[in-house]
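Note that the structure is predicted; figures quoted are calculated from it, not measured. Positions are given from 1, in the same order as the sequence printed here. Counting starts at 1 for both ligands and their atoms, in listed order.
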Amino acid sequence: MKQLRTPIVSVLGHVDHGKTTLLDKIRRTRVTAKEAGGITQHIGATEIPIDLIKQICKDIWNVKVTIPGLLFIDTPGHKAFTNLRRRGGALADLAILIVDVNEGFKPQTEEAVSILRTFKTPFVVAANKIDRIPGWQSSEYAPFLKSWAQQDDFTKQKLENKIYELIGDLYRFGFSADRFDRIKDFTRTVAIVPISAITGEGIPELLMILVGLAQKYLEENLRLQVEGKAKGTILEVKEEKGLGITCDVILYDGTLKVGDTIAIAGKDDVIVTHVKGILKPRPAKEMRVESKFQSVKSVTAAAGVKLVAPNLEGVLAGSEFEAVESEEDIKNFRERVKKEYEEISIQTDEEGVVLKTDTLGSLEALINELKEIEIPIKKAEVGDVDKRDVVEASANRDELNRVILAFNVKLLPGVEEEAAKYGVRIFKEDIIYTLLDKVKQWREEEKL
Ligand code: GDP
Ligand code: MG
């Protein structure tokens, strides 16, 4: 029988809605749940073993477990999520969409939902900060339903109204959603779990639903099985003192060993290199870089590690890699990567805007969104905006298409001057939705 691996869970949501606090709270439970097996820190991720999850869920636990735990991606936000790609979609198996229940949907929430939709990632909504609902009586770590039973009618109604608003917002994106305890089929309806990342209320149900979903959705798809070949995604490319250029990666399949040859999808071609070192963060954080990491001989999925290897210069965040053993393997990998790029980069329209983004994931999400609002695309690429992009955009006949959309990338020197000269309009934003809104608005105004 194949071994089930740890599902990867990404936490998404608008800034300040509580992503970091939620992960901290889950981590801190270790102090209260002393017997639970240790939480493991990874590069960019935290592994919570199933025994600890069970302890947090205590009385309400009612699922049969087949997974070893959950690996939460720490680097929160859409950037990390769109970086975390694997063939056929996002690397994260599941996601938590966190929304401040008092504030409701915000631009980054909308962005997160559209990304989840693009990648068809199952998710649970954590309606956070319920302790801020006027009149709310908190009890530490209580299951939501227990806490709920203790509230007065007025307070209950307040929360209900907020939940209805969330249901409405999700409906706009084509999702049917409901409070978790009113759902019969979790594969059809998105669960909303009211929680407080400060008091811990609702976290038991949140975790239990995540475990249930992980098992239901993913066992069927066999996406959680550890197979032979090591496969992973580059989270970040970083210069590390004394080590040179290193890659923080999430390994999602197989076992990777020091000395393995790996092929990485580079910007222009496949980069072949060999693993010189695999580093894990030390359990007790230390200040000096050299002692921050612990060198290991091998690592098994799912895990976050830092890789030391030569030739990492051209590597892009969001790229895939895998272990290769022969020229044949490299050839296959190259063909597969090429095919995937082709699937993403759309058939270039003759007329259309120029799109530049920071990662393949954000490129894919934006292409998807632009198609939906029927904006043609002439060129879609990962990378900073250069003068060639300006020339390409200026060659459009329709003035509405003489536009560059720059998402989370830089304008290289001279680009702005060149754009002014050729009458090319540049929209540069860090939030997908703001970018789309500004372009839409501009097009409306120009059409008049
Ligand atoms: P992030 O930007 O999504 O990571 O948000 P943070 O986790 O940094 O939280 C932003 C602020 O909201 C911090 O001041 C938190 O203390 C606060 N916060 C987060 N969750 C809760 C909650 O459940 N209740 C209350 N009252 N405050 C919260
Ligand atoms: Mg944060």
Is there at least one pair of N or O atoms, one from Val15 and one from ligand 1, spaced under 3.5 Å apart?
no

Residues which pass ring-ring contact (aromatic ring centres under 6.0 Å, His included) with Phe123, listed by chain and number, not counting sequence neighbours:
Phe175

Could you tell me whether Arg443 and Glu374 make a salt bridge, using a distance below 4.0 angstrom between a side-chain N and a carboxylate O?
no

Test of understanding: given a 4.0 Å heavy-atom threshold, classify the contact between Asp131 and ligand 1 as side chain, backbone, both, or neither.
side chain

Less than 4.0 Å between a side-chain N and a carboxylate O, is that true for Lys438 and Glu429?
yes

Closest to atom 8 (O) of ligand 1 among Thr20, Ile133, Leu23 (heavy-atom distance)
Thr20

Can you list the residues that meet the ring-ring contact (aromatic ring centres under 6.0 Å, His included) rule with Trp61, with sequence neighbours excluded?
none

SB check Glu103 Lys129 (cutoff 4.0 Å):
no

Going by the 4.0 angstrom heavy-atom rule, the piece of Arg132 near ligand 1 is side chain

Does Ala197, backbone or side chain, put an N or O under 3.5 Å from an N or O of ligand 1?
yes

Of the listed options Thr21, Asp24, Val11, closest to atom 13 (C) of ligand 1 (non-hydrogen atoms)
Thr21

May I ask you to list the atoms of ligand 1 that are less than 4.0 angstrom from any heavy atom of His14?
3 (O)

Looking only at the side chains, is there a donor atom on one of Glu201 and Trp136 sitting less than 3.5 Å from an acceptor on the other?
yes

Going by the 4.0 angstrom heavy-atom rule, the piece of Asn128 near ligand 1 is side chain

